[in-house]
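Being a predicted model, the structure only gives us computed values, none of them experimental. As the structure lists them, so they are numbered: ligands from 1, and atoms in each ligand from 1. Throughout, residue positions are numbered sequentially from 1 according to the sequence presented.
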Amino acid sequence: METKDPKIRTRFPPSPTGWLHVGNVRTALFNYLFSRHHNGALVLRIEDTDKERSRKEFQDDITEQLSWLGLSWDECYRQSERLEIHKTYLRQLLESGKAFYCAHSKEELETEHKRQMEERAIPRHICGQRDEGRESGVIRLRNDTDVTLSFADRIRGDITFDPQLLGDISIARELESPLYNFVVVVDDAEMNITHVIRGEDHIPNTPKQLLIQQALGFSRPIYAHLPLLLGADRSKLSKRHGDTAVRDYRAAGYMPEAIVNFLALLGWNPGTDQELFTLEDLVREFTLEKVQKGGAIFNEEKLAWMNRAYLRSLSIEQLASNLTPFIEQAGKKDLSTDFIKRIAYVEAPRLSRLKDVETNLPFYTETSVYDSTLLRWKGTQDYTEIIGHLKNVRQLLCDIPEADFYDMHHIEAVIMPYATAHSRGNVLWPLRVALCGSEKSPGPFEIIYVIGKTEALQRIDKAIKLLDT
Ligand code: GLU
């Protein structure tokens, strides 16, 4: 059993080089859950040292989406603002002779690499001119280690490496431009990170980071490498599998609670059949011991199922307010709160995502032009018969007091006996077409309930007129 330790500090260090994607959020979430479980701290570190690829809008997207998902952090840093700290440690390594400026040009290194590939040799650079005393160029860590490197991964067990395979590790393009493996080690140590929880694609970086840590005399954090996220075809999850940016899921109308719940189960298993968890539940239950080694499949259908479960758990008022921006985005900006609540009520069982509200929206908000023949049940019904039914239904609706009109089941209870007495299709088909002008739509009682008495009567009148001319 893991014991609670408030000294625990985790970090989430995304690079702002693209829209925050679900794989990264899964990593953020596991770090969040682990630190919160222990009343520890989570550090958000924006790794923006790649000036060409880092963009402010991507950085804003990281904080915006994390906040939307309810994942908070305790401290936030931008790596680019820490250059002086990184340089101090680089100089320290240079001065102590543990690092050196490599004399080889890019071309020479490329030729060496090519030759190694051809000879099927280990691709590495062991610099023959470590002690030339140069003062510019790529900075490398002198790697004379011949002792096997190993670390105890909390998820994957002991992992060992032969350090000789690594050659002299490049740690900076130049003094002003330190590289990932170096800055990550410095920052993790400076920020007192106790647990490095990240994707298993970083395992190959770990031995390099261990060597840099040793050279700087830093203590070693605990590593936990999370299983890869896989698409339905079991290959590594990528854009090819559809949306991967959180903002796209948000725009499609996934609830933050559903995304968090879904991502938590990608690699973590509570050990029970429970599938629905609030963020609080997850914080309470989460342990690294229950994280699996094998890849976790990102199943869109499961996410949609979870989203449905969350949408159903909302009150009509909550659902209506969540639907409002999606209705507005579909161009309907002036609907009353009550109208939207009625849409929420009838559409609730059909929604997998909030954006799905667009499908039936036109039936409630617009009247369409249609051909009178569409009003015929099975295309053969007699016009006079249809007019008779529409008039009778109109009368029944007229007789319902306004106060009872906002009860969908009451409307149904008034009309159904009439429809049943005259064979349902004969009455309900023309009624529904009169209300929506389309072959397919929500049921007539749903439409009547949403649009209200006056509008319903007007639409029926329009149909009667269409048949009469
Ligand atoms: N910036 C790195 C990334 O986004 C961080 C890797 C790490 O966790 O060390 O992949």
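Ranking the protein heavy atoms by distance from atom 8 (O) of ligand 1 puts Arg11 NH1, 2.8 Å first. Remark: minimum distance from atom 10 (O) of ligand 1 to any protein heavy atom is reached at His202 NE2, 2.9 Å. Given atom 4 (O) of ligand 1, the protein heavy atom at minimum distance is Pro13 O, 3.5 Å.
Applying the side-chain contact (heavy atoms from CB on, under 4.5 Å) criterion to Glu118, with sequence neighbours excluded, gives Lys114.
Among the atoms of Asn24, none of the N or O lies under 3.5 angstrom from an N or O of ligand 1. Considering both main-chain and side-chain atoms, Val184 never comes within under 3.5 Å of ligand 1 through any nitrogen or oxygen pair.
Ligand 1 has at least one atom lying under 4.0 Å from a heavy atom of Tyr180.
Glu47 and Arg45 are joined by a salt bridge, as a carboxylate oxygen and a charged side-chain nitrogen come within less than 4.0 angstrom of each other. A salt bridge links Arg250 with Glu64: at least one charged nitrogen is closer than 4.0 Å to a carboxylate oxygen.
Each salt bridge (charged side-chain N to carboxylate O under 4.0 Å, His left out) pair with one or both residues in residues 168-178, not counting sequence neighbours, appears once here: Lys87-Glu176, Arg130-Asp168.
Residue contact check: Ser15 has heavy atoms under 4.0 Å from atoms 1 (N), 4 (O) of ligand 1.
Ring centroids of His241 and Phe298 are separated by 6.0 Å or more, keeping the two rings apart.
Just one residue in the list Ser80, Ser54, Ser15 forms a side chain to side chain donor-acceptor pair (under 3.5 Å) with Asp48, and that residue is Ser80.
Nearest to atom 2 (C) of ligand 1 by heavy atom, out of Gln79, Gln209, Glu47, is Glu47.
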